[in-house]
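See below for the structure under consideration.
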Amino acid sequence: MPTTPRHFLVDTDLTPAEQSEVLDLAEMMKRQRYSFKPLAGPQTGIVMFDKTSTRTRISFAAGLTELGGNPLIINPGESQLGHKESIYDSAKVFERMVSVVIWRTYAQSGINELAENSAIPVVNALTDDYHPCQVLADLQTVREHRGSTQGLVMTYLGDAANNMANSYLLGGATAGMHVRIAGPEGYLPDEAIVAAAQARAQETGGSITVTTDASQALEAADVVVTDTWISMGQEDETEQRLKLFEAYSVDSEAIAQAADNAIFLHCLPAYREYEVSSEVIDGPQSRVFDEAENRLHAQKALIAWLLYASGLAEIPEELILPLAEASRGQVQ
Ligand code: CP
């Protein structure tokens, strides 16, 4: 059995076939919520927060418990990591005691260093650069409401230089989607991330469009997404940002430009009447609470998959055939 740990630090850490397997597993885990126990023991999973959270904290705490494990939540300022103790030493201590480490932090370089030195899976629960667990939950929601992700148009409006835009580019391309990202000049995604997304889209039959034109991005879109205009740590820029992003608000006029059966997603928390109007987020096309619930199922599936792929848990017999079939049916 291999013992090289698999991590989930950025959306492209899963190949298209692997992402599809995780999403299949998430569907199974949603249907049979308490049937899979790869953390039986109970084994412990650490969930560390350097920033505040509601959904991420609750979904990982509930999810680790439902997988048969014991969640250990570490709030900002409660561990030695990063101020009194190096990332290397912390990684070596964690792997002696627990089975998985989940971390919400600032710099991507920090979580990359933790993973490089870890014998157990490390999961990104949001960094300044990516929020890949959120996008897995979004993709599960798209599959539920549209049957598949392949070939659908997903349009993101707003701060196009933030972690959500980056993860939509990479995760959406991995899922074979046509990802359109629209924001104002100066707030568009980094060229290296766009290039990585384009490379992934070439493998899957998806495509990438980056534009400042919200209407162009919205035309006939199947999925419309946005995020707060003021991410954690940007509060000093509030006044300037509210003006900058005004033209990218998802209101009734904007959603009317999308396909008639388009769905609206938002990772939450949402600021009504700013990045999204109440009419849209509380309206018939909104799937934001399905999306929030799917954090639980998608992350449970991800953790189980990482443990199986790392050789740290046996794949239950009843999953072997469905997962093999899922892999065969997807882009390799
Ligand atoms: N969407 C999301 O990550 O929510 P929290 O910040 O509340 O965890």
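Remember, it's 1-based here, ligands and their atoms both numbered in the order they're listed. Source: prediction; values computed, not measured.
- Under 4.0 Å is where a charged nitrogen must lie from a carboxylate oxygen, and between Glu27 and Lys30 no such pair does.
- Taking the six-membered ring where tryptophan is involved, the planes of Tyr156 and Tyr168 are tilted, since the angle between them lies from 30° to 60°.
- Pairs engaging residues 67-78 under the salt bridge (charged side-chain N to carboxylate O under 4.0 Å, His left out) rule: none recorded [sequence neighbours left out].
- Ligand 1 lies under 4.0 Å from heavy atoms of Ser53, Thr54, Arg55, Thr56, Arg104, His131, Gln134, Cys267, Leu268, Arg295.
- In the displayed structure, Asn261 atom CG is contacted under 6.0 Å by more than 12 heavy atoms of other residues, nucleotides or ligands.
- By the 6.0 Å contact criterion, CD on Glu253 is open, its count of non-hydrogen atoms from other residues, nucleotides or ligands being 12 or less.
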Legend entry - Worked verdict on His131 versus Asp227 for side chain to side chain donor-acceptor pair (under 3.5 Å): CA-CA 12 Å; His131 197 359; Asp227 185 21; over 6 Å; no
